[in-house]
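A short worksheet on the structure shown next.
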Amino acid sequence: MSTKAVTDTVVPASNSNSIKVLFFARLREKMGFSEVNFALSQAVTVADLQVLLGEQYPHFFDLPQPILVAVNQEFAGPEQLIAIGDEVAFFPPVTGG
Amino acid sequence: MMSVFNVPVDIEVFEEPFSQSDLNARYAKLNLVHGSVGAVVTFLGQVRASGDKTDVTGLVLEHYPGMTERVLRQHVETASSRWPLLGVVLVHRVGAMALGENIVGVIVASAHRQAAFDAVQYLMDFLKHDAPFWKQEVTEKGTDWVEQKQTDVDKIGKW
């Protein structure tokens, strides 16, 4: 398989107790980076994570809605729990095909 | 080809251009039993000059590596549980592509045509609804993200 991600800057890891947060398409452009390792002290829900991301990156609250969320590459709702080591992706409605 | 399916499938996401004959060659490699297939339906999606914008000169497609393939596999699995399919090829390009180039290719084989037609429509409707691909149209003035169409969202309801 010859896939290659179309990405911008990656923010380097700062903490081993972290999750990987990914942004795609116009959300990636508005955030200014495609990936960040985000430190968590405990498991949180997707909704909690959105608040935490907004506190650290004020741009996050200005992202165009609706925003889709995937946890470990499966679509997730606001109540889904996120654990250390998980991969959480935020992206706009899809337009493939 | 993946063994988790009850039918032979070939699913791939890649950057290189592909032709109808490349798609046919993939189908041939499924090695379907001669005489069992009664209908083969092929769909090709291509880059056109007029989408959200007019005077489009090309497309750039971004995707979520890993999740894309997972979602495509899930939909092929669901399609093969809903219809008596004998083989599926599903390929999708990412990256930069020119007008007229193929973006997505689907081949479904079945004993009868209705199942093959329905499965192709199902796969394309769900692909456009929740496979993580995002299109950017390229024009002389720059690039713009394509918006999801409500008509594509509405099509999911009929399944």
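Labels below follow one simple rule: chain letters A, B, ... track the order of the sequence lines, proteins then strands, and each chain is numbered from 1.
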(message) Are the side chains of B:L123 and B:V88 in contact, using a 4.5 Å heavy-atom criterion?
(response) yes
(message) Counting only non-hydrogen atoms closer than 4.5 Å, does A:A25 touch chain B with its backbone (N, CA, C, O), its side chain (CB onward), both, or neither?
(response) both
(message) Using side chain to side chain contact (heavy atoms under 4.5 Å, CB included), reason through B:V41 and B:R113 one step at a time and then give a plain yes or no.
(response) CA-CA 8 Å; B:V41 172; B:R113 73 177 186 279; 5.7 Å; no
(message) What part of B:Q136 gets within 4.5 angstrom of chain A, counting heavy atoms only: side chain, backbone, both, or neither?
(response) side chain
(message) Taking the basic N atoms (NZ, or NE/NH1/NH2) and the acidic carboxylate oxygens, is any pair closer than 4.0 Å for B:D144 and B:K53?
(response) yes
(request) Using a strict 4.0 Å threshold on nitrogen-to-oxygen distance, state whether B:D125 and B:K158 make a salt bridge. (result) yes
(request) Counting only heavy atoms closer than 4.5 Å, note whether A:L68 contacts chain B via side chain, backbone, both or neither. (result) neither
(message) Under a 4.5 Å cutoff for heavy-atom pairs, which residue among B:R93, B:E147, B:K149 has the most contacts with chain A?
(response) B:E147
(request) Under 4.5 Å, counting heavy-atom pairs only, tell me which of B:L127, B:V71, B:D130, B:V153 racks up the most with chain A. (result) B:D130
(request) Evaluate the side chain to side chain contact (heavy atoms under 4.5 Å, CB included) criterion for residues B:E69 and A:Q73: first the C-alpha distance (whole Å), next the side-chain angles of each, then the deciding distance (0.1 Å), finally the verdict. (result) CA-CA 10 Å; B:E69 292 82 355; A:Q73 304 184 348; over 6 Å; no
